[in-house]
A.B. asks: 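Below you'll find the structure I mean.
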Amino acid sequence: MHFDVVVIGGGHAGCEAANASARLGLSTLLLAVNLDTIGAMPCNPAVGGPGKTHLAREVDALGGVMGIATDATYIQIRMLNSSRGPAVQALRAQSDKREYAGWMKNYMESLPNLTLRQGMVKNLLLSPDGKVAGIELAFGEQISCKSVVLAAGTFLEGTIWIGKETMPAGRAGEFPAVGLSGFLRSLGFTTGRLKTGTPPRIDGRTIDYSQLPVVPGDENPQFFSFLDNRPVLPQIPCHQTRTTEKTHDLIRANLHQSPMYSGMIHGVGPRYCPSIEDKIVRFADKDSHSLFLEPEGRSTYEVYLQGCSTSLPVAVQHDIVHSLPGLENAAVVRAAYAVEYDYLPAIQFTHALMAKDLPGFFAGGQILGTSGYEEAAAQGIIAGINAALYALGRDPFILPRSSSYTGTLIDDLVTKEIGEPYRMMTSRSEYRLLLRQDNADTRLTPLGREIGLVDDYRWNLFERKQEAIMGEKKRLSKTRIHPCPEWAQALAPHDEVMKHSFTLEELLRRPKVPYAVIEQMAPAVPGETFPHALEVETDTKYAGYIERQKYLVETTEKYDSMKLPVDFNYLELIHLAKEAREKLNKIRPETLGQASRIGGVSPADISVLMVWLEQRRRGGRNREQAVVGT
């Protein structure tokens with residue numbers, strides 16, 4: 001049996017990888033340990049949040065599927081940080097976990113060129129020249145292929161922990177993937193152990209909501225996909241509770257029973273999504289922490305206790321739950337647990353997410369050390385695109401960090417030695433004002449079209465949107481208004497006084513004047529709301545800052561265009577600092593820009609590399625020897 005591309009794993013990374021490969025016309029096999037869990041949301045059934053929304057929308061802009069699935073199955077959508085600047089605003093959707101997985105399974109089953117199959121991969125098959133040639137399944141069957149995408153999530157040698165009790169599992173109730181880690185190590189790959197966890201699920205019928213603050217969805221919600229054919233669904237409210245002094249006392253008294261604190265778990269957990277034990281220990285000065293009660297779907301009474309991830313014994317979990325306001329009599333449906341698993345440090349991979357030392361082998365998702373559905377989906381679509389391009393003999397598709405949060409994510413992973421699950425945040429990017437959630441399609445949809453993932457329908461929508469935005473910007477720049485009582489009244493609430501005439505563009509540049517005032521007084525189409533107001537307002541208001549960031553991007557891209565040899569021994573460059581030589585030799589950066597972002601490589605080291613590169617370009621062997629010291 002032969003396929004062009006084999007994708008191992010049916011989670012968010014695997015689904016995006018398989019979708020990309022199949023839609024690019026390649027025969028694709030998606031292998032999952034359990035086909036019933038394709039597209040599953042085993043942790044919180046939610047998409048989005050600061051930094052994560054940007055990734056989800058970028059996946060959609062490239063032609064991915066996560067945004068469409070989220071819009072089709074949400075039970076609540078709200079905009080976070082709506083009172084803050086556009087660079088840090090973030091859409092977040094609570095999905096129906098069963099509907100999301102069902103929608104994704106149905107979608108994957110309907111894709112031409114894609115075959116779904118249940119199975120566990122034991123080994124990779126290699127060609128005589130050291131390239132990927134196929135896979136071997138647990139019961140000996142062999143399947144040939146041109147490229148492989150490993151998106152195994154937490155399943156490689158997965159182990160779950162509850163107190164001192166442990167069992168092999170990729171997640172609760174599912175077999176781990178056994179054997180592949182050892183095979184990869186035999187090929188020379190370095191593996192490590194990471195840890196993540198999940199909170200208890202509560203029977204919503206046993207929660208007393210009467211005294212708990214309500215967290216509603218937005219009245220006029222925005223959506224994740226840039227497509228327009230989405231359902232408008234009724235929303236379900238979430239609620240908030242808080243830890244109490246009793247909660248903290250219970251946790252402190254039982255820390256010795258936590259496998260993480262007793263030393264049983266060796267994997268490193270996520271810094272920015274800590275367990276409740278971690279919160280109590282690391283933030284000992286706080287007497288309370290917010291927790292959120294988030295329904296898991298319309299057809300289930302299970303409620304996700306967000307913020308209460310733990311691996312304490314089940315009896316202690318019950319006590320913790322009962323110490324929370326509104327949950328005094330609540331029943332735990334599913335106990336919380338921690339899961340420890342093998343991962344591949346991503347510095348062993350290129351920006352195309354292909355292994356540096358094994359052509360045709362790609363990876364994405366938690367297997368490369370990330371945490372979160374959105375991070376997985378973003379890596380999955382890039383790995384799937386590049387696995388397909390590799391199979392076709394075409395050049396890889398690389399997103400620079402200046403183009404997207406996806407590019408930032410991948411650059412961080414393959415450049416920095418990250419020892420904990422990586423979570424995307426807006427602070428990770430130097431170009432936050434350029435890389436907003438509202439303009440992900442402007443940045444990436446033309447690239448998706450060029451690759452072949454953006455179909456005619458999406459492209460026509462995109463072109464119409466761009467025409468509308470350009471037309472509105474032109475109208476704002478040419479429409480001049482004059483002082484009058486009506487404008488004075490409209491501007492008064494925003495502390496603006498109109499003393500002379502100016503254009504609508506000049507008015508919108510004023511910090512306190514929102515686009516809503518223009519829409520009220522001089523709308524683009526009377527009686528209608530302009531659908532792309534946020535992008536127009538942001539581009540206009542922050543034009544000066546945006547130009548400044550574009551200049552910074554140009555400077556950075558100059559370094560990123562300077563290629564470094566992949567097989568050079570940097571230990572020979574004696575004018576580099578010792579740490580720089582060791583780090584460069586270990587990571588083997590693809591460009592000078594990537595080298596400049598490696599920890600331990602200083603600006604002085606980059607200057608040495610620039611001189612060396614220029615000497616290589618000119619072919620000055622004698623001068624090169626002087627720098628190298630040979």
Side-chain angles (χ1 to χ4, degrees), residues 184-185 187-194 267-268 271 342-359 361-364 367-370 375 379 396 398-402 407-425 427-430 555-617 624-630:
L184 291 173
R185 284 192 289 270
L187 295 180
F189 283 93
T190 299
T191 64
R193 295 287 277 177
L194 291 178
V268 181
R271 177 192 303 265
D342 282 356
Y343 82 107
L344 297 168
I347 59 170
Q348 300 168 100
F349 291 77
T350 68
H351 282 81
L353 295 182
M354 185 172 77
K356 293 175 180 176
D357 296 326
L358 183 54
F361 179 57
F362 298 80
I367 190 68
L368 290 187
T370 59
E375 290 88 343
Q379 294 169 73
I398 308 292
L399 284 177
R401 69 182 291 124
S402 58
T408 302
L409 164 70
I410 293 172
D411 185 64
D412 280 350
L413 290 175
V414 303
T415 301
K416 301 173 182 177
E417 296 182 90
I418 297 168
E420 61 189 37
Y422 179 103
R423 177 177 179 172
M424 178 51 71
M425 298 175 291
S427 59
R428 303 271 193 194
S429 175
E430 311 92 298
T555 305
T556 303
E557 286 182 344
K558 182 178 73 173
Y559 275 15
D560 280 327
S561 67
M562 300 174 73
K563 301 290 185 182
L564 291 171
V566 296
D567 56 353
F568 182 73
N569 182 7
Y570 289 95
L571 297 179
E572 297 178 2
L573 283 176
I574 61 172
H575 291 284
L576 292 174
K578 182 180 179 181
E579 183 182 6
R581 278 181 274 162
E582 292 173 350
K583 289 289 184 70
L584 290 166
N585 232 33
K586 182 177 183 179
I587 296 175
R588 286 181 287 151
E590 299 165 70
T591 67
L592 190 65
Q594 185 187 359
S596 70
R597 295 186 288 273
I598 296 174
V601 178
S602 69
D605 296 318
I606 296 301
S607 296
V608 172
L609 286 175
M610 287 182 72
V611 171
W612 174 69
L613 281 174
E614 180 61 19
Q615 290 175 342
R616 280 176 60 96
R617 187 184 69 80
E624 181 177 328
Q625 287 178 341
V627 175
V628 172
T630 57

A.B. asks: Is the backbone N or O of E375 less than 3.5 Å from a side-chain atom of T370, with the two atoms forming a donor-acceptor pair by type?
C.D. replies: no
A.B. asks: Quick check: closest heavy atoms across G419 and Y343, and the distance to 0.1 Å?
C.D. replies: CA-OH, 4.4 Å
A.B. asks: Hey, are E590 and T350 close enough side-chain-wise for a donor-acceptor pair under 3.5 Å?
C.D. replies: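 Distance-only check fails for T350 and E590.
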A.B. asks: Hey, does the side chain of R428 reach the backbone of R423 with a donor-acceptor pair shorter than 3.5 angstrom?
C.D. replies: yes
A.B. asks: Is a donor on one side and an acceptor on the other found under 3.5 Å between the side chain of N585 and the backbone of Y570?
C.D. replies: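 Yes; judged by distance alone, with no hydrogens or angles, the pair exists.
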A.B. asks: Is it true that R581 and E572 have a side-chain N and a carboxylate O under 4.0 angstrom from each other?
C.D. replies: no
A.B. asks: List for me each residue that meets ring-ring contact (aromatic ring centres under 6.0 Å, His included) alongside Y422, sequence neighbours excluded, and say none if there are none.
C.D. replies: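 Applying ring-ring contact (aromatic ring centres under 6.0 Å, His included) to Y422 gives none.
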A.B. asks: Where do K558 and M562 come nearest, in terms of heavy atoms and distance?
C.D. replies: O-CG, 3.3 Å
A.B. asks: Decide, yes or no, whether a salt bridge links R597 with D560 under the criterion of side-chain N to carboxylate O below 4.0 Å.
C.D. replies: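 Yes, charged N to carboxylate O under 4.0 Å.
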A.B. asks: Who are the side-chain hydrogen bond (donor to acceptor under 3.5 Å, both in side chains) partners of S596, not counting sequence neighbours?
C.D. replies: none
A.B. asks: Over 60° means perpendicular and under 30° means parallel, so tell me whether F361 and F189 are parallel, tilted or perpendicular.
C.D. replies: perpendicular
A.B. asks: Mind listing the closest non-hydrogen atom pair of K563 and L613 along with its distance?
C.D. replies: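 Here K563 and L613 meet closest at O-CD2, 3.6 Å.
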A.B. asks: Just to verify, which of L344, D342, T191 counts as forming a side-chain contact (heavy atoms from CB on, under 4.5 Å) with I367?
C.D. replies: L344
A.B. asks: Can we say D605 and K578 salt-bridge, meaning some charged N sits less than 4.0 Å from an Asp/Glu carboxylate O?
C.D. replies: no
A.B. asks: So, do Q594 and V414 sit near enough that their side-chain heavy atoms are less than 4.5 Å apart?
C.D. replies: yes
